[in-house]
Amino acid sequence: MELTRRNLLGATLGATAAAPVLMSAGAALAQGVTPRRGGMLTTILNPEPPVLQIGVNNQTPTLIAGTKITQGLLQFTPKLEPLPQLAKSWTVSPDGLEYVFKLEENVTWHDGKPFTADDVVFSVMQFNREVAPRLRGVLAGIAEATTPDPHTARFVLKQPFEPFLLCFDATAMPIVAKHLFEGQNFRTAPAVQHPVGTGPFRFVEWQRGNFVRMERYEGYWKPGKPYLDGILWRIVPDGQSRRLAIESGQVVMTTATDIEPFDIPALRAKPNLAVTTAGWEYFSPLFWYDLNQRVGPLADKRVRQAMSMALDRNFIVQRLWFGLGRPATGPIASTTRFYDATAKLPPFDVAKAKKLLDEAGHKPGAGGMRFALKHLIPPYGEIWNRMSEYFRQAMRQIGIDVTLESTDAGTWASRVANWDYETTANVLYQFGDPTLGVERSYVTSNIQKITFTNTAGYSNPRVDELFQAGRTAATAAERQKAFSEVQHLLVEEVPLLWVVEVAYPTVTDKKLRNVIQTGTGVHASFDDVFLAS
Amino acid sequence: MSAFLRRFARNRGAVVGAVLLVLVIGMALFAPLLFPGSPWDMAGAPFQPPGEDGMLLGTDSLGRDVAAGIAYGAQVSLIVGAVSTAVALLIGVALGAVAGYLGGWADDAIMRFTEFFQTIPSFVLAILLVAIFTPSIASIIVAIAVVSWPPVTRVVRAEFLSLRNREFVQAAEVLGKRPLAIVLTDILPNALSPIIVLASLMTATAILLESSLSFLGLGDPNMMSWGFLIGSGRSVIRLAWWMSVFPGLAIFLTVLALNLVGEGLSDALNPRLRKRGAAH
Amino acid sequence: MDASRLPGFLLRRLLKSALVIVAIAICNFLLIHAAPGDPASVIAGQSGSADPQFMEQLRHQFGLDRPLHVQLGIYLRDVLTLDLGFSHRQQMPVATLILDRLPATLLLTGAAFLLAVSGGVALGALAARRAGTWADSAITALALTFYATPLFWVGLMLVLLFSVQLEWLPSFGMSDPGLDLHGPALWWDVAQHLVLPALTLGLFYLAVYARLTRATMLEVADQDFVKTARAKGVPEGRILRAHILRNALLPVITFAGIQAGQLIGGSILVETVFAWPGIGRLAFDALLARDYAVLLGVFFCTSVMVIVLNLATDLLYAVVDPRVEVTG
Amino acid sequence: MSLLEVSGLTVALPPGGDRPNAVEGIDLTLDAGEILCVVGESGSGKSMTANATMRLLAPGLAVRSGSIRFDGRDLLRLPEEEMRRLRGARLAMIFQEPMTALNPLMRVGDQIAEALRVHGAGNDAARRVPELLEAVNLPDPRAIARSHPFRLSGGQRQRVMIAMALALEPALLIADEPTTALDVTTQKQILTLIREIQQRRGTGVMFITHDFGVVAEIADRVAVMQRGRIVEQGPAAQVLNRPEHPYTRALIAAVPQGHAAARPARSVSTETILQLSGVRKTYHRAGGWFGKGVAVPAVADADLVLHRGETLGVVGESGSGKSTLARCVIRLVTPEQGEILFGGTDLRPLSRNAWMPYRRQIQMVFQDPFASLNPRRTVGEAIAEGPITHGVPRDTALAKARELLSLVQLPPEAMNRYPHEFSGGQRQRIGIARALAMEPQLLIADEPVSALDVSVQAQVLALLTDLRERLGLTMLFITHDLRVAAEICDRVAVMQRGRIVEQGPTEQVFRSPRHPYTKALLDSVPGRGWVPPVAHGIDLAKSE
């Protein structure tokens with residue numbers, strides 16, 4: 001399948017820096033509206049992030065707001081093809097070891113200093129290497145990073161790594177100013193509190209608990225952009241207030257979890273609002289119930305299969321998520337590369353689930369209960385509580401007595417990291433590729449006392465082998481083979497109870513144009529977003 | 001006793017309160033009969049308005065019966081209210097009795113301690129305690145008790161202080177009765193009326209406190225309380241008003257009932273005040 | 001009270017307040033140590049990694065390897081120099097976070113307090129004056145209703161009515177930063193935003209004051225000196241103002257001092273419902289994240305506010321009531 | 001035409017009272033320059049009559065019929081505003097409780113000025129207020145005017161009340177028990193003051209009192225009330241000395257004679273049962289957190305001797321330390337110094353346990369019959385409780401209690417009833433029975449009759465006298481009432497500000513007092529010149 005990769009690279013190699021701009025302008029013209037310069041975009045930031053520097057913090061609100069200030073080398077289409085951002089073009093050597101990025105010239109930081117390849121190498125080799133644990137393994141595979149000229153950055157890998165380019169999105173590999181971070185503690189440097197980037201908007205003011213204000217950076221490297229005068233992020237902690245804000249026009253955009261799923265149907269009905277779930281393909285968040293395999297009954301495959309069969313995924317998607325998203329079919333989301341539609345979980349079947357439990361030797365005891373489990377509720381809001389409550393009721397139906405434990409974010413993270421839980425729930429991003437975002441939850445080598453690793457403690461040598469094969473295979477076809485097999489295997493073993501492929505809604509006022517253009521959606525820099533009059 | 005009942009019955013509000021309270025207690029006791037099964041069961045389609053689908057008060061976001069939730073919630077709210085009040089009374093009466101009976105430095109020390117607790121914003125302290133000791137029915141009860149005993153101490157101390165100098169207590173002392181016997185047979189029985197009145201008001205406050213804690217997400221996740229219902233209904237208030245309105249009404253009526261009963265008790269146990277009330 | 005004795009009185013009260021503040025600081029310290037897991041593990045939990053070396057480093061950094069009384073000493077020194085600790089979640093000193101939010105809370109609680117006191121006293125006085133009439137019954141019933149209704153529920157219902165149905169008032173925030181207002185326009189905007197939260201927070205306490213005022217006025221009205229005033233031919237209106245109300249206000253003042261703390265506590269609920277950017281909201285966010293440094297900071301700060309208010313009411317009481325024991 | 005003519009006044013009680021009308025068919029006249037005493041026991045309706053005249057009846061009480069004509073106009077039919085203009089200007093009133101009758105938050109001068117101002121005479125208040133205060137014999141009127149009421153003593157406050165009442169020179173002054181709450185020396189001064197002012201200005205005074213001594217002191221004419229009706233009315237001399245109505249006669253007969261000489265001296269043993277020497281008790285008022293406490297000496301170096309079978313009276317005004325002294329003896333109060341020898345043992349240093357045997361030997365009867373019994377225990381339990389505490393079997397103790405009830409002239413059914421079912425006099429009998437249940441040698445009686453109406457007072461005193469003889473009791477009798485002391489005590493000790501200033505046989509002390517304070521006290525006894533006519537054969541028992 002060499003061709004596929006060639007085609008992909010060919011398409012992007014041919015792309016010019018102006019292409020996306022023309023595309024979006026074209027799209028706008030097609031709707032009969034010329035981009036209008038001016039106007040403030042008011043939107044919501046929720047929950048209020050601690051800082052706005054991507055990398056230092058990687059929570060969704062930080063990423064959404066931070067990408068307007070800080071940029072990456074590339075961005076990605078909904079099909080996960082690379083598009084230029086700070087890199088205007090790039091080449092990959094045929095052996096897949098050498099990556100050369102040609103950078104935009106005339107780019108300046110918000111403090112006026114020029115942006116060069118030194119910044120890129122610093123960001124990749126030092127800043128992100130330290131602050132981004134997820135990429136540490138990938139970055140450790142870089143043998144050499146050089147700057148042949150101030151506008152060229154060259155990376156040589158120790159061995160081929162097919163998804164390497166996917167790591168260069170602003171959300172994964174933010175490019176920061178070397179002169180502001182070098183020699184400092186990256187987490188406490190002054191630039192963390194007052195972020196400086198190359199993006200279309202510069203940070204102006206943050207009244208904590210109230211709002212964050214960004215203004216157009218007049219020295220932005222794309223002439224004539226951005227169209228907007230600035231962005232005002234209001235901090236609205238209450239869900240109903242957020243809904244009211246978008247309905248009443250006090251804000252013109254909401255993102256991610258701003259609007260609760262149950263409010264979406266009403267908002268869809270509003271003629272002046274547009275609701276879309278596009279723009280999350282790069283992340284493909286997958287929701288699952290996490291089962292600690294070290295807990296007695298959960299080590300038994302049959303018990304896990306029974307639990308999986310007790311979940312009515314259609315009900316969950318329709319009733320709890322109000323149709324936002326799709327029932328999960330396996331460990332890899334359907335929007336992620338190498339998804340195999342033939343690997344499918346067995347359907348909802350309570351009777352069969354009970355039979356499986358009987359077979360596993362868990363006969364119903366007093367009160368019809370077979371055994372008891374605790375469930376640690378992730379403290380992230382409404383939908384999580386509902387999902388945990390659903391889990392308890394679904395499990396009780398097949399005779400598993402689930403008790404809920406509530407906790408706080410810190411304790412939740414530390415208990416999950418320390419394997420100190422029986423069951424819980426989680427959502428993980430897949431970052432477009434199984435090697436980047438799926439492998440980590442299943443391989444034996446990643447059983448670590450750190451969150452977002454294989455904390456469930458699932459271990460299967462064959463699964464380890466297959467993920468390794470998928471990681472190192474040089475061609476997409478070879479990778480597909482490995483990943484198909486692993487999907488079939490995992491669907492059989494159900495180490496985790498995959499439930500929903502989450503699709504977060506973006507609600508916009510129809511005056512607001514060009515919002516969702518890429519596979520990262522509202523994480524784009526918004527340099528071509530405008531408010532139609 | 002019958003005179004007391006007559007006096008109590010003369011207060012119309014108190015009778016209404018007592019009837020309401022009996023209804024709420026009955027609802028709590030008979031919840032398993034009225035709504036067999038768990039209030040957490042998904043009994044119908046989600047977000048059914050009241051009356052539809054056989055659900056008297058509608059269903060919530062998981063299709064759970066709001067009416068069942070309110071009935072079972074009465075159990076939790078009443079238990080939390082009663083137990084935390086009992087604990088607070090235990091602390092408050094003990095401290096107040098010691099302070100009022102012994103006087104002197106013990107009184108001084110206890111009163112400083114009490115003032116200190118009254119200075120601390122009680123709701124903030126309750127939140128802190130529940131947060132630190134993780135939300136569970138036990139931690140909620142302890143937190144509510146910890147913030148609600150100071151008024152008891154004050155009232156009991158004042159009563160003891162005044163009763164301590166009453167002649168019948170002095171007479172008991174002159175007869176050679178032991179201090180503990182005097183406290184238990186002479187002073188405490190005569191200090192009971194304000195304590196009973198206070199207890200009914202405290203139960204009301206405890207129910208409000210519990211609902212506030214639950215509303216902030218500090219409820220016991222395995223206990224369907226009224227505060228939990230409002231908290232979970234709050235975000236969908238425009239979609240399903242019944243989810244927050246009915247539990248809110250349940251809290252309102254119960255707290256109102258307890259207050260009315262408290263006032264009735266106060267009047268009935270305190271004929272002097274009743275007369276004053278009637279005189280105007 | 002004689003004006004000449006005021007400084008001494010003030011000094012004694014200040015000393016007493018200082019002692020209470022120290023006691024609260026100690027209480028804070030004990031609470032941190034009562035939390036399951038030591039502060040290091042709490043913070044480690046928040047940063048999502050619990051590597052033993054990191055924990056050791058944190059323990060050393062916080063002096064947790066020192067004896068308890070030394071730690072207490074350090075903590076007290078920090079608190080007294082207004083160092084309330086550092087929020088590792090917000091990456092900011094707790095004192096800065098709180099000071100940023102304090103004005104909003106003061107505005108909200110101040111407005112609610114004024115509403116509660118003025119409205120409550122007025123309604124209570126009216127009810128007492130008209131005791132036994134329909135006006136009294138209506139006021140009493142209203143007060144009882146507000147008294148028995150959960151604060152947050154009232155807030156929700158007000159939003160439903162005034163923001164959602166009638167669209168008269170904004171339902172959240174303190175101002176509309178999108179309008180970029182300044183001067184009087186900004187104040188007007190803030191005032192509009194203030195109405196619902198202040199009403200929500202104030203109504204409960206308005207009920208409390210109305211009930212208290214009514215009860216004490218009826219009690220005072222029964223006292224001998226009121227009869228004296230009547231016997232010397234003082235008109236009813238003046239009896240009400242100069243004799244009854246003035247005496248009835250004494251318990252109201254005392255109570256206002258005591259419940260100031262509850263008002264601040266209530267602001268947590270109201271600020272959450274109305275997205276008011278005050279310390280109540282800060283506390284709620286800290287609560288969700290179990291950011292204990294901030295929570296305890298808010299706890300300490302609100303306690304100090306209560307002490308200051310108590311001091312103020314004591315002074316006011318001393319000025320109003322000549323009988324106050326100046327030794328208090 | 002009289003200044004005030006009350007005729008056929010009937011005031012209804014709210015339903016559920018012990019009688020339908022508080023007062024019924026009251027006819028009274030009062031002329032200018034005359035003092036009319038309305039006298040009666042508690043609940044007789046005398047205050048109600050006064051309040052009705054001012055139209056200051058508590059809500060819920062309504063005038064059912066009758067008229068009150070003042071200056072020819074019927075007050076009951078005046079519009080409220082007109083009535084208000086009369087109050088304070090033409091009609092004035094002073095009350096019983098000087099401690100609560102003034103607004104605590106207002107300066108005294110302002111309160112007097114207010115009386116002037118509301119009647120349009122506020123302009124010269126600055127001049128008039130000190131004048132008025134001076135007229136009621138208050139020292140340094142300007143300083144007093146600037147004071148708040150709590151700085152003044154009870155007597156001073158009552159003077160302020162009088163100054164305020166007289167500010168606009170009213171034609172009629174109604175005084176509702178104005179001296180009842182005051183000490184006898186102060187009472188004397190206030191009575192003199194009222195008399196003086198009334199004579200100087202020709203004011204008509206309606207004076208409400210329960211005390212025949214006061215009546216004898218001040219009245220021109222007397223109206224006697226019983227259960228809401230006037231039973232006898234006439235010139236003072238006639239009613240006091242030749243009462244016609246049986247009730248009046250009974251009341252007057254109950255007034256203690258006040259003349260020790262009238263009674264033969266009793267023979268008393270010389271065995272010393274109690275000896276106090278150098279007893280001292282100081283109270284410390286707490287000074288708050290950082291304030292200094294204030295030391296108040298309550299008893300200072302008291303020496304006393306009490307012989308077996310003797311009754312020693314301790315007399316003095318309120319605050320003189322007489323009650324504290326009694327409480328020191330029975331260890332309700334721990335004195336810090338001195339010796340309390342009881343049968344040769346010093347009780348002062350004894351521990352609580354070591355005191356226990358003496359609890360049986362020394363007992364006490366308290367002042368307030370309403371406060372001295374635990375409302376939640378039956379009478380039988382209350383009486384038997386002491387012996388049971390001391391190890392007497394329950395049955396024996398209860399049987400004994402029954403006997404004691406008959407001894408204090410109460411029916412045996414009383415055993416199972418609660419205190420609130422009894423009248424004040426009956427409760428005091430229960431209190432006495434409770435004390436006697438311990439079979440004490442020494443009985444301390446702390447003002448045992450001062451809270452009782454005069455007729456009941458006589459019965460309780462008679463009971464005590466009787467028991468004393470029959471049981472051979474030794475008594476320490478605390479009282480502020482010199483007439484009572486004279487009636488029952490063999491010897492008296494006079495206390496003033498914590499010190500015993502004089503002691504000796506009752507007759508000797510009363511007849512030829514040596515200490516000036518004793519003299520002043522005796523001079524202050526109201527109606528000192530009046531000797532109640534002895535009226536034997538009148539049955540008082542019915543009045544309970």
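The chains referred to below are lettered A, B, ... by the order of the sequence lines, with proteins before strands, and numbering in each begins at 1.
Contact check for A:Thr407 versus B:Thr134: no side-chain heavy atoms found under the 4.5 Å cut-off. Between A:Phe315 and B:Met42, some side-chain heavy-atom pair lies under the 4.5 Å cut-off. By the 4.5 Å heavy-atom criterion applied to side chains, A:Glu389 and B:Arg64 are counted as neighbours. Contact annotation: the side chain of B:Asp41 approaches that of A:Gln393 to within less than 4.5 Å [non-hydrogen atoms, C-beta and beyond].
Of the possible polar contacts, one joining the B:Asn222 side chain to the A:Leu404 backbone as a donor-acceptor pair under 3.5 Å is found.
A:Ser406 and B:Gly219 make their closest contact through OG-O, 4.1 Å (heavy atoms, listed as atom of the first residue, atom of the second, distance).
In this structure, CG on B:Leu62 lies 11.0 Å from CZ on A:Arg319, to the nearest 0.5 angstrom.
For chain B, the nearby part of A:Glu405 is the backbone; its heavy atoms alone come within less than 4.5 Å. B:Ser232 touches chain A through backbone and side chain together, each having a heavy atom under 4.5 Å away. Residue A:Arg396: no heavy atom, backbone or side chain, is found under 4.5 Å from chain B. No part of A:Gln318 comes within reach of chain B, as not one of its non-hydrogen atoms sits under 4.5 angstrom from that chain.
Ring geometry, B:Phe47 versus A:Phe262: the interplanar angle exceeds 60°, so the pair is classed perpendicular (tilted spans 30 to 60°).
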